[in-house]
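Quick notes on the structure that follows.
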Amino acid sequence: EFNVYGTRGGPPVAPVGLAAAAGDGRVVLAWNASPNAAGYNVKQATISNGSYTVIATNLAGLSFTNTGLANGTRYYYAVSARNLAGESANSAVVSVQPAPMSPPLLRFGLSAGQVQLTWPADHTAWRLEVQTNSLAAGLGTNWVTVPDSTATNQMTFPIDPTAGSIFLRMVYP
């Protein structure tokens, strides 16, 4: 009898544990080993549930670094396992948004009782945090993330002179 490794029982199961970490123009992916896998394919899309493009084939390891990416763009990744019997289904999808590591220049404008904050579009993955201590108290540790601030590069807030001081900062990740 003649056996070829990986053909008994069919293709491997989909990899699990796919995780992504963003950097400046890059994404580092890592996943858990799939039993009977001889290699892995990495797939990428720029639209959630979009059409995936294979960007790396038959990788022997359990990680991959995707470089040359556009900062501020959200990327979606999946990994499949391969052996001589075929290819598994895709892993669960992860999404990640590369961003520069240098702090963004935060600009503001005042108009009609509101302040508009803007920062460069390539820093969209950074989050805006706020705290509302009194000016006498100064900065504390009670920073709160402004909802949806990682999905945009501008936010507008009403100015309320009776509310005291607000402190803002940009944070990544």
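- Using modelled atom types, no side-chain atom of Glu129 and backbone atom of Thr145 make a donor-acceptor pair closer than 3.5 Å.
- Using a 4.5 Å cut-off on side-chain heavy atoms (C-beta onward), Pro15 and Ser88 make contact.
- Listed here is the closest heavy atom pair of Gln131 and Gly140: OE1-N, 2.7 Å.
- Within 6.0 Å of atom CG in Asn49, 12 or fewer heavy atoms from other residues, nucleotides or ligands are found, so the atom counts as exposed in its surroundings.
- Looking only at side-chain heavy atoms (C-beta outward), Arg169 and Trp143 come within less than 4.5 Å of each other.
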Contacts under 3.5 angstrom, residues 60-69 side chains, donor-acceptor by atom type, not counting sequence neighbours:
from	atom 1	to	atom 2	distance (Å)
Asn66	OD1	Gln44	NE2	2.8
Asn66	OD1	Tyr77	OH	2.7

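- Note that CG of Asp122 and OG of Ser102 are 7.5 Å apart. Values are rounded to the nearest 0.5 Å.
- Ile55 and Tyr76 sit in two unconnected hydrophobic clusters of ILVMFWY residues. Membership requires side-chain heavy atoms under 4.5 Å apart, directly or through other members.
- Note on Leu117: it does not cluster hydrophobically with Val171, by side-chain heavy-atom contacts below 4.5 Å among ILVMFWY residues.
- Side-chain atoms of Pro98 and Tyr75, non-hydrogen and from C-beta on, do get closer than 4.5 Å to each other.
- Looking only at atom types and distance, the side chain of Ser80 has a donor-acceptor partner in the side chain of Glu87 under 3.5 Å away.
- The two atoms that bring Ala14 and Ala89 nearest to each other are CB-O, 3.2 Å, heavy atoms only.
- Scanning all heavy atoms of the two residues, the minimum distance from Tyr40 to Ser34 falls at OH-N, 2.9 Å.
- No continuous path of hydrophobic side-chain contacts links Val93 to Val16 [ILVMFWY only; heavy atoms under 4.5 Å].
- Between Val13 and Pro35 the shortest heavy-atom distance is CG2-CD, 4.0 Å.
- Residues Thr156 and Val115 fail the side-chain proximity criterion, which asks for heavy atoms closer than 4.5 Å.
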For a side-chain hydrogen bond (donor to acceptor under 3.5 Å, both in side chains) check, start with the C-alpha distance between Arg107 and Thr118, then their side-chain angles and the critical distance, and finish with the verdict.
CA-CA 5 Å; Arg107 297 181 187 269; Thr118 60; 5.5 Å; no
Under the side-chain contact (heavy atoms from CB on, under 4.5 Å) criterion, do Leu29 and Leu18 qualify, and how do the steps go?
CA-CA 7 Å; Leu29 301 167; Leu18 179 61; 4.3 Å; yes
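- In terms of modelled atom types and a separation under 3.5 Å, the side chain of Trp126 and the main chain of Pro100 share a donor-acceptor contact.
- Side-chain N or O atoms of Thr152 include none that pairs as donor or acceptor with a backbone N or O of Ser149 at under 3.5 Å.
- When side chains are defined from C-beta on, Arg74 does not count as touching Thr46, because their heavy atoms never get closer than 4.5 Å.
- Counting only distance, with no hydrogens or angles, the side chain of His123 and the backbone of Met101 share no donor-acceptor pair below 3.5 Å.
- Side-chain atoms of Asn71 and Asp24 form a donor-acceptor pair, as typed in the model, at a separation below 3.5 Å.
- Nearest heavy atom pair, residue Ser51 against residue Ala45, reads O-CB, 3.6 Å.
- Transitive grouping of hydrophobic side chains (ILVMFWY, heavy atoms separated by less than 4.5 Å) brings Ile166 and Met155 into a common cluster.
- Here the side chains of Trp31 and Ser91 are not in contact, with every heavy-atom distance at 4.5 Å or above.
- Counting only distance, with no hydrogens or angles, the side chain of Asn153 and the backbone of Trp119 share a donor-acceptor pair below 3.5 Å.
- Residue Asp148 places its CG atom among 12 or fewer non-hydrogen atoms of other residues, nucleotides or ligands, all under 6.0 Å distant.
- The shortest non-hydrogen separation linking Gly10 to Ala85 is C-CB, 3.5 Å.
- Hydrophobic clustering of Ile, Leu, Val, Met, Phe, Trp and Tyr side chains at less than 4.5 Å, counting indirect connections, unites Leu110 with Leu128.
- In this structure the side chain of Thr124 never reaches within 4.5 angstrom of the side chain of Thr150, judged on heavy atoms.
- Side-chain atoms of Asn83 do not come within 3.5 Å of backbone N or O of Gly39 as any donor-acceptor pair.
- Thr73 is not listed as a side-chain neighbour of Gln97, based on a closest heavy-atom distance of 4.5 Å or more.
- Note that CD of Gln154 is 12.0 Å distant from CG of Leu106, once rounded to the nearest 0.5 Å.
- Summarising the local packing, CZ of Arg26 is surrounded by 12 or fewer heavy atoms from other residues, nucleotides or ligands at distances under 6.0 Å.
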